[in-house]
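Here's the structure we're looking at; comments come further down.
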Amino acid sequence: MSEREFPREELDFRLCVTSGQVFRFVECGGSVWRGVDGGDVIEASHESGGRWRVRSFPDPAAADRFLRAEVRLADVVRRIVELEPSWKPLVDRFPGLRVLRQARADETLFSFLCTVNNHLSRIHRLVQTLGSFGECVGDGLFRFPVAGAIAEIGESRLREMGFGYRARTITAVAQELVARGEDWLPSLKSMPYEEAVRALCDLPGVGRKVADCVCLFGLGFDEAVPVDVHLWRATAERFFPDWVGKSLTEHRYRAVGDYYREKFGRLAGFAHQYLFYDSIQRGRRGRETKRPRR
DNA sequence: AGCGAACCGGAC
DNA sequence: TCCGGTTCGC
């Protein structure tokens with residue numbers, strides 16, 4: 001089995017799989033992380049403070065695809081800071097944060113349907129639950145189920161398992177994917193970004209945010225900028241002061257994405273990930289230190 | 001166009 | 001009481 005080592009500044013595996021891009025990786029034992037992408041198990045380990053060693057099987061090349069090993073993060077980060085110097089503290093705070101690429105866009109789609117108006121801890125549980133309907137490829141490791149298998153679970157059973165109102169959209173999307181055929185979703189890769197977004201938003205329960213997540217993490221559109229409520233607030237504070245406190249409308253969503261695409265071009269997806277994760281952290285810290293209300 | 005409310009259920 | 005959103009009705 002081939003193994004690849006990444007310098008610290010090129011990869012923090014734990015950060016990558018816990019920063020809201022994928023939801024099925026777990027820590028097993030000390031400093032070993034394991035999960036499944038596509039048909040392959042991906043495993044990473046490191047000695048404290050050391051470099052991450054990553055391997056995958058049965059396909060030893062799967063890990064490189066998942067981590068986009070061909071991207072030299074040092075170059076990306078340097079270019080981002082050249083384009084927007086105010087990003088320096090952000091990229092310094094999260095060394096080794098890479099944008100991942102999932103092998104199957106359907107896993108990305110169903111995963112982010114689980115994130116709708118939800119907490120990270122419950123998101124993990126729900127996505128793991130969906131995953132357990134796929135083919136078992138090891139101890140607690142599952143290939144993600146195909147759309148047909150998800151459709152067969154049924155809305156009522158999903159509700160029983162705690163999916164709430166997401167049960168309806170997940171089932172509806174699964175049926176829709178079955179109807180369109182398995183080639184439909186991957187075929188969006190060869191469309192222009194805007195067309196892919198429109199096609200995804202056509203699916204029930206899929207709006208701009210989920211569509212952009214699928215575009216960035218599942219379909220390979222590096223210019224996609226998913227704007228959630230945290231990134232929205234952080235962006236308004238930095239670049240759109242007039243919009244602080246305002247709601248995120250369709251028009252403003254587009255303006256934010258276009259702003260970052262204009263500034264960062266094809267690096268917009270990578271650049272957004274730093275501010276996104278920072279805004280999540282701030283949200284958590286803010287809650288922890290929040291005083292009880294009168 | 002922009003805003004607010006409803007929506008499941010679990011975490012804090 | 002608050003969500004890493006979408007949809008619907010003003």
Side-chain angles (χ1 to χ4, degrees), chain A residues 15-25 94 97 99-100 102 108-130 153-174 176 197-218 224-237 240 242-257 260 269 272-294:
Chain A
L15 181 58
C16 289
V17 299
T18 58
S19 51
Q21 309 184 56
V22 297
F23 306 98
R24 297 207 297 142
F25 276 76
F94 308 115
L97 176 59
V99 170
L100 302 172
Q102 287 197 288
T108 317
L109 174 54
F110 288 111
S111 297
F112 281 95
L113 282 175
C114 294
T115 70
V116 171
N117 189 24
N118 211 349
H119 295 98
L120 192 55
S121 50
R122 184 150 79 122
I123 292 167
H124 273 111
R125 209 190 80 236
L126 296 184
V127 180
Q128 288 286 14
T129 299
L130 271 188
I153 303 170
E155 178 180 344
S156 55
R157 191 131 88 94
L158 286 174
R159 275 194 183 258
E160 285 167 18
M161 291 186 292
F163 283 78
Y165 55 79
R166 295 160 204 83
R168 197 171 67 80
T169 49
I170 287 168
T171 302
V173 167
E176 192 62 33
V197 167
R198 263 206 305 280
L200 288 165
C201 288
D202 242 14
L203 295 167
V206 176
R208 277 301 303 241
K209 159 66 166 60
V210 170
D212 271 326
C213 289
V214 176
C215 280
L216 182 59
F217 305 123
V225 179
V227 184
D228 75 304
V229 62
H230 295 293
L231 189 81
W232 160 243
R233 289 183 193 134
T235 302
E237 282 171 19
F240 298 90
D242 292 349
W243 287 349
V244 169
K246 298 273 178 86
S247 62
L248 179 53
T249 63
E250 175 73 28
H251 172 257
R252 291 173 194 148
Y253 187 106
R254 167 159 297 278
V256 168
Y260 284 130
H272 116 280
Q273 192 65 23
Y274 289 96
L275 183 56
F276 165 74
Y277 193 61
D278 182 66
S279 60
I280 288 282
Q281 299 276 7
R282 283 174 195 288
R284 288 191 189 133
R285 269 207 303 280
R287 233 168 294 134
E288 280 159 15
T289 59
K290 188 160 57 184
R291 289 177 291 107
R293 295 183 57 203
R294 289 173 285 113

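Order of the sequence lines fixes the chain letters, A, B, ..., with proteins taken first and strands second; residue numbering starts at 1 for each chain.
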Query - pair A:R233-A:S279: side-chain heavy atoms closer than 4.5 Å - result: no
Report task. Taking atom CZ of A:R122 as the centre, report whether more than 12 heavy atoms of other residues, nucleotides or ligands fall under 6.0 Å from it. Result -> yes
Report task. Return yes if some donor-acceptor pair links the side-chain N/O of A:H124 with the main-chain N/O of A:S121 below 3.5 Å, else return no. Result -> no
Requested in this report: Write out the stems for DNA chain B, ordered by first number and formatted as range with range, counting runs of at least 3 consecutive Watson-Crick or G-U wobble pairs under 3.5 Å.
Outcome: B:2-7 with C:5-10, B:9-11 with C:1-3
Requested in this report: Could you tell me whether the side chain of A:R252 and the main chain of A:S247 form a donor-acceptor pair under 3.5 Å?
Outcome: yes
Query raised in the report: Can you tell me how far P in B:dA5 sits from the matching atom in C:dT1, rounded to whole Å?
Result: 15 Å
Query raised in the report: Charged N to carboxylate O under 4.0 angstrom, A:R282 versus A:D278?
Result: yes
Query raised in the report: B:dC3 C1' sits how many Å from A:K246 NZ, rounded?
Result: 11 Å
Query raised in the report: NA contact type, A:G20, heavy-atom cut-off 4.0 Å: base, sugar-phosphate, or nothing?
Result: base
Requested in this report: Please tell me if the side chains of A:T169 and A:V116 come closer than 4.5 Å, counting only heavy atoms from C-beta onward.
Outcome: no
Report summary line: From CZ of A:R208 across to P of C:dT6 the rounded distance in Å is 10 Å
Requested in this report: For A:L231 and C:dG5, give me the distance from atom CG to atom C1', rounded to whole Å.
Outcome: 14 Å
Query - Separation of atom CH2 in A:W232 from atom P in C:dG5, rounded to whole Å - result: 13 Å
Query raised in the report: How are the rings of A:F217 and A:F112 set relative to one another: parallel (under 30°), tilted (30 to 60°) or perpendicular (over 60°)?
Result: parallel
Report summary line: The contact string for nucleotides 5-10 of chain B, one letter per nucleotide 5' to 3', using protein heavy atoms under 4.0 Å with B, S and - for base, sugar-phosphate only and none, comes out as --BBBB
Query raised in the report: To the nearest Å, how far apart are A:D212 CG and C:dG4 P?
Result: 18 Å
Donor-acceptor contacts, no H, no angles, side chain residues 208-216 of chain A, under 3.5 Å, sequence neighbours left out:
| from | atom 1 | to | atom 2 | distance (Å) |
| --- | --- | --- | --- | --- |
| A:D212 | OD1 | A:Y193 | OH | 2.5 |
| A:D212 | OD2 | A:Y253 | OH | 2.7 |

Requested in this report: Flag the pair A:R159 and A:E155 as a salt bridge only when some basic side-chain nitrogen lies within less than 4.0 angstrom of an acidic carboxylate oxygen.
Outcome: yes
Query raised in the report: Under 4.0 Å between a side-chain N/O of A:T115 and OP1 or OP2 of C:dG4, yes or no?
Result: no
Query raised in the report: What integer distance in Å separates A:H251:NE2 from B:dC3:P?
Result: 12 Å
**Report entry** Euclidean distance for P, B:dC8 against C:dG9 (whole angstrom)
**Finding:** 15 Å
Query raised in the report: What is the distance, rounded to the nearest whole Å, between atom CD of A:E250 and atom C1' of C:dG9?
Result: 17 Å
Query raised in the report: If only side-chain N and O atoms of A:S247 are considered, is one of them under 4.0 Å from the OP1 or OP2 phosphate oxygen of B:dC3?
Result: yes
Report task. Using a 4.5 Å cut-off on heavy atoms from C-beta on, say whether the side chain of A:V206 contacts that of A:L109. Result -> yes
**Report entry** Separation of atom CG in A:L120 from atom C1' in C:dG5, rounded to whole Å
**Finding:** 15 Å
Query raised in the report: When rounded to the nearest Å, what value does the distance between P atoms of C:dG4 and B:dC12 take?
Result: 12 Å
Report task. On DNA chain C, check which nucleotide each of A:V206 and A:R233 is closest to and give me the residue with the more 5' one. Result -> A:R233
